[in-house]
Every structure is written in C-alpha cells, then in structure tokens.
Amino acid sequence: LVTVPKNGRKIDLPRLTDALRAALAAGALEPVTCAYEVVEAKPVDFDAFAETYAFCGEALMVDAVAAEHCEILFLHTAAFTDARIEPALQDKLLRRLLAVSMRKNLSLSQRIFCTTPKTVRGRLLTYFSAQAARSGSLQFEIPFNRQQLADYLNLDRSALSKELCKMRDEGLLTFEKNRFALNELPE
C-alpha cells in the first residue's frame, strides 16, 4: 500500500505489469502520457488503474499523477484466483473492478461519440447535448475548464473559444466559466 499526496510526484509504475493498481480514495489518479494530461472523470471512492494492462499482460505505456490525496494498493492479478484468499473478498474485488471497467468503457464511448463530428461546432453541440441529457436540463455545469474541454474534444483551445463566442452571438447558448445554458436542443 502506497500513500500519495494530492498533486504528488508521478507514481513510478513498472513498464511491464502483472499488478493492477486500485486507488482507494476519491479523485485519486490522473493518467498522464508524456506530460500531456489525459482528461478523465475522477473516481468516486474506488478506482483501478492499469487493470487492462495487467489482465492482458501488456506493457504499461502511461504514468500516473495523484489528483487527490490517495492510497494505492498494488494488487497482483493472481489474487483473483488464489485459493488462499476468501471467496467473498475475491467476489467483491471482481464486482468493483467490473463496475470500474464498465464506467471507463462508457466514458471512452462517450468521448469517441463527441469527437466524431469533423467541425468544432459539431463536437461542441454533441458534447453539450449529452450534458443536457445527463443533467435533465438545458442548463448544466461541465467538469472542465476551457483547456480541458479542448483536450477532451481534441480541439485547439483558441478554436474552441472562438466557436463558443460565435454560438453565443448567434443566440444558441450562454455561458459563464463552466456553466452553460442551451437556448434549445440541437437537431
């Protein structure tokens, strides 16, 4: 078990792995690739990192930085089949791991859906429509600042800001920082 402070050092992870990392605190890990921040939703109270690499026996291609104070448990994949470990504990770990994997799969699918349109406006409208549907309202907050939103949508920040201002001037939406209000749902 390793304790890592918020905004702490990069977590040194081996490049070859047979262990998954379970972050045991809220907002624990932010994957980082070559110092470029990968934007992902923060974990709730349990998250796993490198589980896909561990179970598939692949080389680990990313590092991690602590986004919040957390404890990280290095857990070998053999623990899921080790007869010495209580079946109830194995079942609980597998259920949590499955829930984490499903949440990550959904998140990646949503991001792919939002980055499919070719235009900046198309990506923004797709993302905002999804946020409106998720919140059940045409008014919603997003979990990103402008740079993070640009990164999430795979856009240049200045192009994103320019398009947001155009959309505001055309009366499609209003916004202040990370709070947005659509005047109507896009078709």
Side-chain angles (χ1 to χ4, degrees), residues 6-7 10-11 21-53 61-70 95-187:
K6 177 179 180 174
N7 298 325
K10 264 190 188 174
I11 300 161
R21 281 80 181 162
L24 304 175
L29 295 177
E30 282 185 3
V32 175
T33 307
C34 302
Y36 173 82
E37 185 178 340
V38 177
V39 180
E40 289 191 5
K42 303 290 188 285
V44 179
D45 62 359
F46 173 88
D47 201 357
F49 180 73
E51 72 281 3
T52 302
Y53 293 97
M61 302 302 293
V62 295
D63 289 322
V65 174
E68 297 292 335
H69 179 85
C70 64
R95 286 180 187 275
R96 284 192 172 186
L97 188 59
L98 180 60
V100 166
S101 293
M102 291 185 325
R103 193 170 58 240
K104 286 182 181 181
N105 183 303
L106 181 60
S107 176
L108 289 172
S109 294
Q110 290 169 341
R111 185 170 183 197
I112 289 168
F113 184 68
C114 289
T115 58
T116 299
K118 300 293 183 208
T119 65
V120 175
R121 181 171 292 208
R123 290 180 186 198
L124 284 167
L125 289 175
T126 301
Y127 177 74
F128 290 152
S129 294
Q131 292 301 310
R134 184 174 291 124
S135 71
S137 171
L138 294 178
Q139 297 178 13
F140 51 86
E141 284 190 29
I142 64 171
F144 305 128
N145 63 32
R146 291 288 183 274
Q147 184 60 56
Q148 291 170 327
L149 180 59
D151 290 345
Y152 182 82
L153 296 175
N154 199 26
L155 298 169
D156 177 72
R157 190 191 59 76
S158 60
L160 176 133
S161 294
K162 182 178 177 181
E163 192 62 37
L164 282 173
C165 289
K166 277 186 189 178
M167 293 168 72
R168 179 194 60 208
D169 294 346
E170 292 171 14
L172 296 174
L173 56 78
T174 58
F175 59 88
E176 184 180 337
K177 295 188 179 183
N178 67 337
R179 289 187 298 269
F180 290 83
L182 298 175
N183 292 330
E184 60 185 57
L185 278 176
E187 294 178 15

Contact check, side chains of [X] and [Y], non-hydrogen atoms, under 4.5 Å:
| X | Y | answer |
| --- | --- | --- |
| Met102 | Leu106 | no |
| Leu182 | Gln131 | no |
| Thr116 | Thr126 | no |
| Arg121 | Leu172 | yes |

- Message: Tell me the closest heavy-atom pair linking Ile142 and Leu149, and the distance in Å.
- Response: CD1-CD2, 3.9 Å
- Item | Nearest heavy-atom neighbours spanning Gln148 and Pro143 | OE1-O, 4.0 Å
- Message: Is there a side-chain contact (heavy atoms from CB on, under 4.5 Å) between Met167 and Leu125? Walk through the geometry before answering.
- Response: CA-CA 10 Å; Met167 293 168 72; Leu125 289 175; 3.4 Å; yes
For the [atom1] atom of [X] and the [atom2] atom of [Y], what is their distance to the nearest 0.5 Å?
| X | Y | atom1 | atom2 | result |
| --- | --- | --- | --- | --- |
| Leu124 | Leu155 | CG | CG | 6.5 Å |
| Lys104 | Ser109 | NZ | OG | 14.0 Å |
| Leu164 | Thr174 | CG | OG1 | 11.5 Å |

- Message: Which residue in the set Phe175, Tyr127, Phe144 passes ring pair (Phe, Tyr, Trp, His ring centres under 6.0 Å) when paired with Phe180?
- Response: Phe175
- Pair Asn154-Arg123, side-chain contact (heavy atoms from CB on, under 4.5 Å): steps then yes or no: CA-CA 9 Å; Asn154 199 26; Arg123 290 180 186 198; 3.6 Å; yes
Can you tell me if [X] uses its side chain to pair, donor with acceptor, with the backbone of [Y] under 3.5 Å?
| X | Y | answer |
| --- | --- | --- |
| Arg179 | Glu141 | no |
| Arg111 | Tyr152 | yes |
| Ser161 | Arg157 | yes |

- Task: Give a yes or no on whether Arg146 atom CZ has more than 12 heavy-atom contacts from other residues, nucleotides or ligands under 6.0 Å away.
- Result: yes
